[in-house]
S.K.: 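Handing you this structure, nothing more for now.
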Amino acid sequence: LAVTKVLIVYAHQSSGSFNAAAKDAAVDVLTDQSCTVEVSDLYAIKFKATATAEDITGDVKNADHFRYAEETKLAWEEGKLCADITEEQRKLTQADLIIFQFPMYWFTVPAIMKGWIDRVLTLGYAYTPEKRYSQGLFKDKKAMLSFTTGSQESMFSADGINGDMNVTLWPLQNGILHYCGFQVLAPQIFWAPSHVPSEARSTMLTRWRTRLLGQFVPQTQNGHYGIFTCIELYKVLKKHYMVNKSNHRNES
């Protein structure tokens with residue numbers, strides 16, 4: 001499926017940041033390839049991060065025991081979701097590819113981006129009990145994470161202090177994106193740009209631009225970082241357990 005419409009969900013407070021440069025590079029390259037690109041600049045629009053009853057216009061079905069998923073499903077069906085959610089769902093519906101651009105905070109996305117996920121990917125619109133994973137509602141769309149880290153790549157290896165990046169990304173790539181049916185592309189990881197020379201940062205952006213010219217064919221980076229099968233993940237976790245168990249024995 002050719003990519004012609006792209007949505008970039010962007011979360012950084014500063015226009016002078018490396019994340020801003022990565023976002024701008026994506027907009028430039030994709031636009032030059034005749035793609036239509038929309039950017040949801042979450043901090044700029046002051047996107048509300050908390051999922052509350054305020055996300056529904058009018059009365060809710062059960063105010064005494066408010067359940068967000070069920071209430072927003074009804075609101076979506078009846079056209080009663082609030083305007084900012086409706087606008088983001090419009091952008092997402094039209095997009096062939098969604099890129100999440102962000103700095104990694106505490107091994108995951110910033111709170112404002114998690115709020116986008118919580119509020120925009122509503123039950124009924126983004127998933128149902130019957131339509132998940134390979135049968136998901138967004139199975140004809142592609143998605144990818146593009147983010148910066150504060151630690152070097154070696155620190156996110158299987159034996160590194162931060163643990164395997166594949167394990168870190170599993171909840172985001174499998175539990176959110178693939179859950180909704182997205183074809184999840186290997187992430188674009190910018191390793192610790194704030195700790196490298198400007199020349200290295202320029203090289204990172206050049207590689208990102210080159211990848212953007214590749215029409216987003218599925219690819220695997222050096223450390224894999226793509227969607228693991230359950231068996232592959234089990235092997236990684238088992239390795240972690242055996243290494244840690246061995247280390248404890250050596251220390252005792």
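Everything quoted here is computed from the prediction, not taken from an experiment. Positions are given from 1, in the same order as the sequence printed here.
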S.K.: Can you pull the salt bridge (Lys or Arg N to Asp or Glu O under 4.0 Å) pairs that have at least one residue in residues 120-137, sequence neighbours excluded?
M.R.: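 Listed by first then second residue: nothing to list.
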S.K.: Is the backbone N or O of K139 less than 3.5 Å from a side-chain atom of Q183, with the two atoms forming a donor-acceptor pair by type?
M.R.: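 Flag set: sc Q183 to bb K139 pair under 3.5 Å.
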S.K.: Distance check, rounded to the nearest 0.5 Å: L74 atom CG versus L81 atom CG?
M.R.: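 One finds 10.0 Å between CG of L74 and CG of L81.
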S.K.: Kindly give the cluster partners of W106, where membership spreads through any ILVMFWY side chain lying under 4.5 Å from a current member.
M.R.: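 Direct or chained contacts put W106 with none.
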S.K.: List the atom of A192, the atom of Q152, and the distance in Å for their closest heavy-atom pair.
M.R.: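 Shortest heavy-atom contact: CB-NE2, 3.8 Å.
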S.K.: Is there any ring-ring contact (aromatic ring centres under 6.0 Å, His included) pair reaching into residues 10-37, and which pairs are they, with sequence neighbours excluded?
M.R.: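 Qualifying pairs, neighbours excluded: F18-F190.
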S.K.: Please tabulate, one pair per line, all N/O donor-acceptor pairs under 3.5 Å involving side-chain atoms of residues 46-53, not counting sequence neighbours.
M.R.:
unit_1, atom_1, unit_2, atom_2, d
K48, NZ, T50, O, 2.5
K48, NZ, T52, OG1, 3.2
K48, NZ, D55, OD1, 3.0
T52, OG1, E54, N, 3.2

S.K.: Are the charged groups of D41 and K23 less than 4.0 angstrom apart, N to O?
M.R.: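 No.
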S.K.: For H178, is there any backbone N or O sitting under 3.5 Å from a side-chain donor or acceptor partner on Q173?
M.R.: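 Such a contact is absent between Q173 side chain and H178 backbone.
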S.K.: At their closest point, which heavy atom of K114 faces which heavy atom of D118, and how far apart are they?
M.R.: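 Closest approach of K114 to D118: NZ-OD1, 2.6 Å.
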S.K.: Hey, could you give me the CG/CD distance between L145 and Q188, rounded to the nearest 0.5 Å?
M.R.: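 Rounded to the nearest 0.5 Å, the CG-CD separation comes to 11.0 Å.
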S.K.: If the plane angle is over 60° it's perpendicular, under 30° parallel, otherwise tilted; pick one for F138 and F182.
M.R.: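 Ring orientation, 0 to 90° scale: tilted.
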S.K.: Search all heavy atoms of L121 against all heavy atoms of C180 and return the closest pair with its distance.
M.R.: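 Looks like CD1-SG, 4.2 Å.
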S.K.: Considering only residues two or more places apart or on different chains, which pairs with a residue in residues 78-103 satisfy ring-ring contact (aromatic ring centres under 6.0 Å, His included)?
M.R.: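 Only F100-W116, F102-F147 qualify under ring-ring contact (aromatic ring centres under 6.0 Å, His included).
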S.K.: Under 3.5 Å, is there a donor-acceptor pair between the Y125 and T93 side chains?
M.R.: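 Distance-only check passes for Y125 and T93.
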S.K.: Test: side-chain hydrogen bond (donor to acceptor under 3.5 Å, both in side chains). Region: residues 74-83. Which pairs qualify, not counting sequence neighbours?
M.R.: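 Residue pairs passing side-chain hydrogen bond (donor to acceptor under 3.5 Å, both in side chains), neighbours aside: K73-E77.
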S.K.: Can you name the nearest heavy-atom pair linking T149 to P193, along with the distance?
M.R.: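 Minimum heavy-atom contact is O-CD, 3.6 Å.
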S.K.: Which atom names give the shortest non-hydrogen contact between T168 and P171, and what distance separates them?
M.R.: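 Distance-wise, the nearest heavy atoms are O-CD, 3.3 Å.
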S.K.: How close do A186 and R211 get, counting heavy atoms only, and between which atoms?
M.R.: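 The pair with the smallest heavy-atom distance is O-NH2, 2.6 Å.
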S.K.: Which value, rounded to the nearest 0.5 Å, describes the distance between L169 atom CG and T108 atom OG1?
M.R.: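 One finds 9.0 Å between CG of L169 and OG1 of T108.
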S.K.: Can you measure from OG1 (T86) to CD (E88) and round to the nearest 0.5 angstrom?
M.R.: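 T86 OG1 to E88 CD: 10.0 Å, rounded to 0.5 Å.
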S.K.: Do W191 and V109 sit in the same hydrophobic cluster, where Ile, Leu, Val, Met, Phe, Trp and Tyr count as joined when their side-chain heavy atoms come under 4.5 Å apart?
M.R.: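 Both belong to a single hydrophobic cluster.
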